[in-house]
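What follows is a single structure, written as structure tokens, with notes after it.
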Amino acid sequence: MEIGAQFGFGLELASDLWIPGAVAPAPDSKAPALRIAIAAAQSNSPDARFDREGEAIVYSHPAGSFRCHPDRIEIAPSEPADLEDLAVLLIANALPAVLWLRGAFVLHAACVRLPDGLTIAIAGPSGAGKSRLAASLVEAGAELIGDDSLALMVSGDDVLAAGLPGGWFSRSEEGSPRQFVRIPGKATSGMARLDLLAILDGEQLAAGGHSPITAFELLMQNRHRPQIPLLLGLQRQVLAHAVQIARRLPLVGLGACRGSIEDLAATRTALGHLARSVRYARPPGLMGSAGE
């Protein structure tokens with residue numbers, strides 16, 4: 001039943017489901033593998049919730065249950081199975097659970113690489129305009145790294161980000177169902193080095209960025225599925241990871257992105273200037289050292 005290799009979140013996904021946003025892995029990909037298998041149908045919980053079973057996280061939903069381990073996800077659909085619904089739940093809940101299990105810091109954010117190579121993540125509450133701004137940047141020539149959830153990892157002095165780079169979910173108009181928008185011809189593997197994290201609903205664009213303490217607070221506020229590390233008893237590790245990221249990654253604040261096309265264009269320009277100024281002009285040691 002396996003569809004074939006797909007790539008996302010820095011992992012090669014051997015899945016029984018088509019995963020919206022996943023792409024074809026590079027021919028020489030050496031990414032770690034994650035198996036996603038559909039098991040026999042069963043009677044499922046009427047409530048959506050996360051539970052811990054041993055070292056696994058189980059996400060229960062009327063459409064099916066997802067038993068999440070670091071190397072595999074086992075899906076038991078309800079009858080009749082709706083594969084599209086299962087794929088959406090997989091992206092929104094089961095894959096973030098696996099990322100936490102694997103030691104990533106999971107951020108509720110979109111991420112793009114600008115045409116000049118600078119990479120920006122865009123975080124903020126639901127409805128603030130993350131996907132809209134990311135889509136606008138992609139239309140202007142940026143490359144999508146991921147939408148809605150990102151896996152962040154520290155590597156030396158850098159923060160690396162990975163997501164599902166093949167498209168995003170958007171609404172054609174306010175109140176309409178979200179539909180997946182695929183980016184034609186997208187194929188990539190690997191991770192992007194982050195240069196800047198922009199927080200929507202912040203006070204304003206700030207060329208100097210936030211202090212590491214404020215950056216830490218904003219990272220914790222914008223975690224994706226934060227109940228999962230709590231269930232696993234990983235609070236200490238998550239706090240330490242957030243400190244490491246805050247010391248290395250410059251942050252700026254933006255107003256919510258709900259304005260006109262002209263506003264989007266102005267924000268795109270401002271973000272590019274900010275990313276370049278923070279990357280090349282921040283004082284040495286501002287974000288901490290790799291040994292701290």
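If you read the sequence from its start, that first residue is 1, and numbering goes on from there. Hydrogens, waters and symmetry mates play no part in the numbers below; they use all other heavy atoms, side chains included.
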Which heavy atom in [X] sits nearest to a heavy atom in [Y], and how many Å separate them?
X	Y	answer
Phe7	Ala31	CE1-CB, 3.9 Å
Arg102	Pro70	NH1-O, 2.8 Å
Ser149	Ile91	OG-O, 4.5 Å
Pro77	Ala40	CD-O, 4.1 Å
Arg52	Gly233	NH1-N, 4.4 Å
Val112	Ala142	CB-CB, 4.1 Å

Under 4.5 Å between side-chain heavy atoms, counting indirect links through other Ile/Leu/Val/Met/Phe/Trp/Tyr residues: same cluster for [X] and [Y] or not?
X	Y	answer
Val238	Leu230	no
Val88	Val58	no
Ile199	Met220	yes

Name the orientation class of the two ring planes belonging to Phe180 and Trp18 (parallel below 30°, tilted from 30 to 60°, perpendicular beyond 60°).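 Answer is perpendicular, since the angle exceeds 60°.
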Any side chain to side chain donor-acceptor pair (under 3.5 Å) involving residues 85-96? Give me the pairs, sequence neighbours left out, ordered by first then second residue.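 Only Asn93-Arg225 qualify under side chain to side chain donor-acceptor pair (under 3.5 Å).
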Sub-4.5 Å side-chain heavy-atom contact between [X] and [Y]:
X	Y	result
Leu107	Ile245	no
Ile38	Leu83	yes
Phe169	Asp148	no
Trp100	Leu234	no
Glu55	Leu101	no

Kindly say whether [Y] contributes a backbone atom to a donor-acceptor pair with the side chain of [X] at under 3.5 angstrom?
X	Y	value
Asn222	Gly124	yes
Asp158	Leu160	no
Lys130	Leu200	no
Arg248	Val159	no
Thr119	Arg113	no
Gln244	Val154	no

Reference residue Val106; test side-chain contact (heavy atoms from CB on, under 4.5 Å); the match among Leu99, Leu95, Val98: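 One option only clears the test, and that one is Leu99.
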Kindly compute the distance separating [atom1] ([X]) from [atom2] ([Y]), expressed to the nearest 0.5 Å.
X	Y	atom1	atom2	value
Cys111	Leu137	SG	CG	10.5 Å
Gln6	Leu17	CD	CG	8.5 Å
Leu196	Ile120	CG	CD1	5.5 Å
Leu118	Asp116	CG	CG	4.0 Å
Leu90	Tyr59	CG	OH	11.5 Å
Leu164	Ile145	CG	CD1	11.5 Å

Using a strict 4.0 Å threshold on nitrogen-to-oxygen distance, state whether Arg35 and Asp16 make a salt bridge.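 Yes, charged N to carboxylate O under 4.0 Å.
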Given side chain to side chain contact (heavy atoms under 4.5 Å, CB included), test Val138 with Trp168 step by step and report yes or no. CA-CA 11 Å; Val138 169; Trp168 58 83; 4.1 Å; yes
Test side chain to side chain contact (heavy atoms under 4.5 Å, CB included) on Leu218 and Leu197; report intermediate values, then the result. CA-CA 10 Å; Leu218 290 169; Leu197 172 57; over 6 Å; no
Of all residues at least two apart in sequence or in a different chain, which pass the salt bridge (Lys or Arg N to Asp or Glu O under 4.0 Å) check with Glu74?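 Glu74 satisfies salt bridge (Lys or Arg N to Asp or Glu O under 4.0 Å) with Arg72 only.
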For Gln235, look at atom CD and say whether over 12 heavy atoms of other residues, nucleotides or ligands are found less than 6.0 Å away.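 Counting other residues, nucleotides and ligands, CD of Gln235 exceeds 12 neighbours.
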